[in-house]
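Here the structure is laid out as structure tokens; the discussion comes afterwards.
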Amino acid sequence: MTQKARKILVTSALPYANGPIHIGHMVEYIQTDIWVRFQKMRGHQCLYVCADDAHGTPIMLRARKEGIEPEALIARVAEEHKADFADFNVGFDNYHSTHSDENRHYASLIYQRNKDQGNISNRTITQAYDPVEEMFLPDRFIKGECPKCGAQDQYGDNCEVCGASYSPNELKNPVSAVSGATPVDRDSEHYFFKLGNFETMLKEWTRGGHLQHEVANKLGEWFEAGLHEWDISRDAPYFGFEIPDHPGKFFYVWLDAPIGYMASFKNLCDKTPGLAFDDFWGKDASTELYHFIGKDIIYFHALFWPAMLHGADFRTPTAVFSHGFLTVDGQKMSKSRGTFIKARTYLDTLNPEYLRYYFAAKLGSGIEDIDLNLEDFLARVNSDLVGKVVNIASRCSGFIKKRFDGKLADQLDNQPLFDNFVSAGQQIAACYENREFSKAVREIMALADKANQYIDEKKPWVIAKEEGRAQELHAVCTMGLNLFRLLIGFLRPILPATAEKSEAFLQIQPLAWNDLQKPLLNHEIAAFKPLMTRIENSQIEAIVAASKEDLEKQEAISAKSQGALASDPISDIIEYPDFAKVDLRIVKIIKAQHVEGAEKLLQLTLDLDGETRNVFAGIKSAYTPEELEGKLTVMVANLAPRKMRFGVSEGMVLAAGPGGKELFILTPDSGAAPGMRVK
RNA sequence: GGCUAGGUAGCUCAGUUGGUUAGAGCGACGGACUCAUAACCCGUAGGUCGGCGGUUCAAUUCCGCCUCUAGCCA
């Protein structure tokens, strides 16, 4: 097991400083932290740095809305972020900010060196400009009608209803999301990073074992399309760093964000004697550098970032590890369902170790999304951690305490079983190293089952009642506690706080991986106190309820300024005869099916009690045919039939909502029957 | 729309370089035990491996199409 100590620098993506950390963020920090703790346990020098990503238009606007300076906003958010991470036992060696002197230095340096190498160009571009706010508008701050499907209130780059992507100038009736003014075109000089200069280098790098294979596959697409120049400047007003020698021009937030990794590390170097920046970032550094990121920001980290570093004579990363997203109960986190759970909301009720364990049990080395199934979460944590692992200590310690003065025997009852656990540790270590945490957890839990089976076979509670078998009892319980110690050692990267408590119980030093080969014998242990308690269903319910309350508070705040009516005001007054012309009827959906070739439509067969109608409804994004069949709803029965590509639609069903998943058909109260008129 | 992933028991996931009865944990059901945080141990039931078509002696595994989910499109 002896190997040379490695020097490793690890980062997680920098959280954006305009809002709180939620449990989706935590997947990444927990994944990284487990890996880092594992490396440290193996005796390597492993440093984990991170920072707040503090620049950009959203932060500038958020601060303006709150009536404070951006600096005040990011300082406050940084404290919240740090507290959340600390309470989740994420052990950063340093946490810094992109709005720092170090970052300004390295951003300018990297820009300057690339400029000297001929990797920066400039030209004038035309961009949407808000004449009221006097600022250029990023795509996401322009709203309008989708040019493809006409959906209202869509963002400047893609439509959430039909999924089309387009450029903001294609949007119909565009308005600034900041002021509501109609944007105008305005010219401005921008600076560009000539990514194309790095094509050869990047092709080699992306296929050089630095990325997961599926990520490398994905990047093939970018090479095929050709590498474009990357716009790295933004105009004032902008919260960020001014570009040297170009007053009024600022570095785009995504330029200086990854440089924040360097800045945070530099900040750590300055307070750590003997830690040299160049050892980890110099062109010929022999140390290892890893970035853990979400799959959504792959191209920044796998294309721009290595190219920028290479162009500025710094080393490139050893590897970039991407992970998937978190869903809750199989769906995207949702504020209205109460599954948009903030880190703090979780921490107010539950032990962070539970979530660390659950995520570990789900995480592999790939980029698949992982699901937090709340029912499964409760069952699994209770069963695995409390029922299996902690239980081993709980069921053995009583005998040791009562019968042997709290002292372990001087030999094990079953050395081969102990050796079997130790050798399984090699496989477990390999899983950790390869970020196959779910495999590691499966192995460890199989061992925990073995340990419980062993105790069950030996039946110490039977031995305890028999005369002259004290030594045997002593050996069996010592064996059980030694198996427990190994399990805790194996789980230590995942459960640092539980490991610490266990170490206090066993009265031992923090476990290192190499300590695990030798059993703990002839050693006094402390009285056993519960190391972990079970999750109650009510706690999960409390978290979901608290998350919903958060939403209600937010809605109450925003309702004043922008209720649903603000963007979609009530139409002109009509007289009753106008309304009476519309013949609304209750119908039963007797059949619903997909329409071949149609992206948005479902074909519905509607029963009007005496007549059936064929209707095409644009609700495919929100409903499956199965969930519609048998339902009652309301239709406009006297709408002129309309010929569509797929057939004739004989009416329309009524639904509300902005579109996409958020579409809700009307349903009558019980008692209504097909054919009834709605009036 | 294009691309990259994913769709396997009620739930969460393994797995199959194509080959006899597709696995685990949890849950359900039955039994045993009482040391242990109603924990643990033994056993039983559960799956047209997203759908359709193709290649093959043989497909859950390979190919094509479709569908659903997620992400990205500078």
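Quick note on labels: first sequence line is chain A, next is B, and so on, each numbered from 1.
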Closest to the side chain of A:P530, out of B:C13, B:U37, B:G25, is B:U37

Below 4.0 angstrom, which residues in residues 292-300 of chain A have at least one non-hydrogen atom near RNA chain B?
A:K295, A:D296, A:Y299

If the condition is salt bridge (charged side-chain N to carboxylate O under 4.0 Å, His left out), which residues does A:R485 pass it with, not counting sequence neighbours?
none

Looking at A:D235 and A:K249, is there a salt bridge between them, counting it only when a charged N and a carboxylate O are closer than 4.0 Å?
yes

Taking 4.0 Å as the cut-off, does a side-chain nitrogen or oxygen of A:Q212 come that near to OP1 or OP2 on B:U4?
no

Is it the case that atom CD in A:E375 sees more than 12 heavy atoms from other parts of the structure closer than 6.0 Å?
no

Examine A:R234 relative to A:F251 and say whether NZ or CZ is less than 6.0 Å from the centre of the six-membered ring and inside a 45° cone about the ring axis.
no

Listed once per pair and sorted, the side-chain hydrogen bond (donor to acceptor under 3.5 Å, both in side chains) pairs that draw on residues 438-449 of chain A, sequence neighbours left out
A:K388-A:D449

Strictly by side-chain hydrogen bond (donor to acceptor under 3.5 Å, both in side chains), give each pair with a member in residues 390-403 of chain A just once, sequence neighbours left out.
A:R395-A:N452

With respect to A:E229, which candidate in A:R123, A:K194, A:H190 satisfies the side chain to side chain donor-acceptor pair (under 3.5 Å) definition?
A:R123

Which part of the nucleic acid, if any, lies within reach of A:E375 when heavy atoms closer than 4.0 Å are counted: base, sugar-phosphate only, or nothing?
nothing

Please enumerate all residues that pass ring-ring contact (aromatic ring centres under 6.0 Å, His included) together with A:Y623, with sequence neighbours excluded.
none

Is the glycosidic angle of B:G27 within 90° of 0, making it syn, or outside that range, making it anti?
anti

Writing each nucleotide of RNA chain B 5' to 3' as (, ), [, ], | or . by Watson-Crick or G-U pairing under 3.5 Å yields (((((((..((((.....[...)))).((((.........)))).....(((((..]....)))))))))))).

According to a strict under-4.0 Å criterion, is A:K362 in side-chain N/O contact with OP1 or OP2 of B:C13?
yes

Where the side chain of A:Q453 is concerned, which of B:C42, B:U4, B:A74 is the nearest nucleotide?
B:C42

Using atom CG of A:N452 as one end and atom P of B:C42 as the other, report the distance to the nearest whole Å.
10 Å

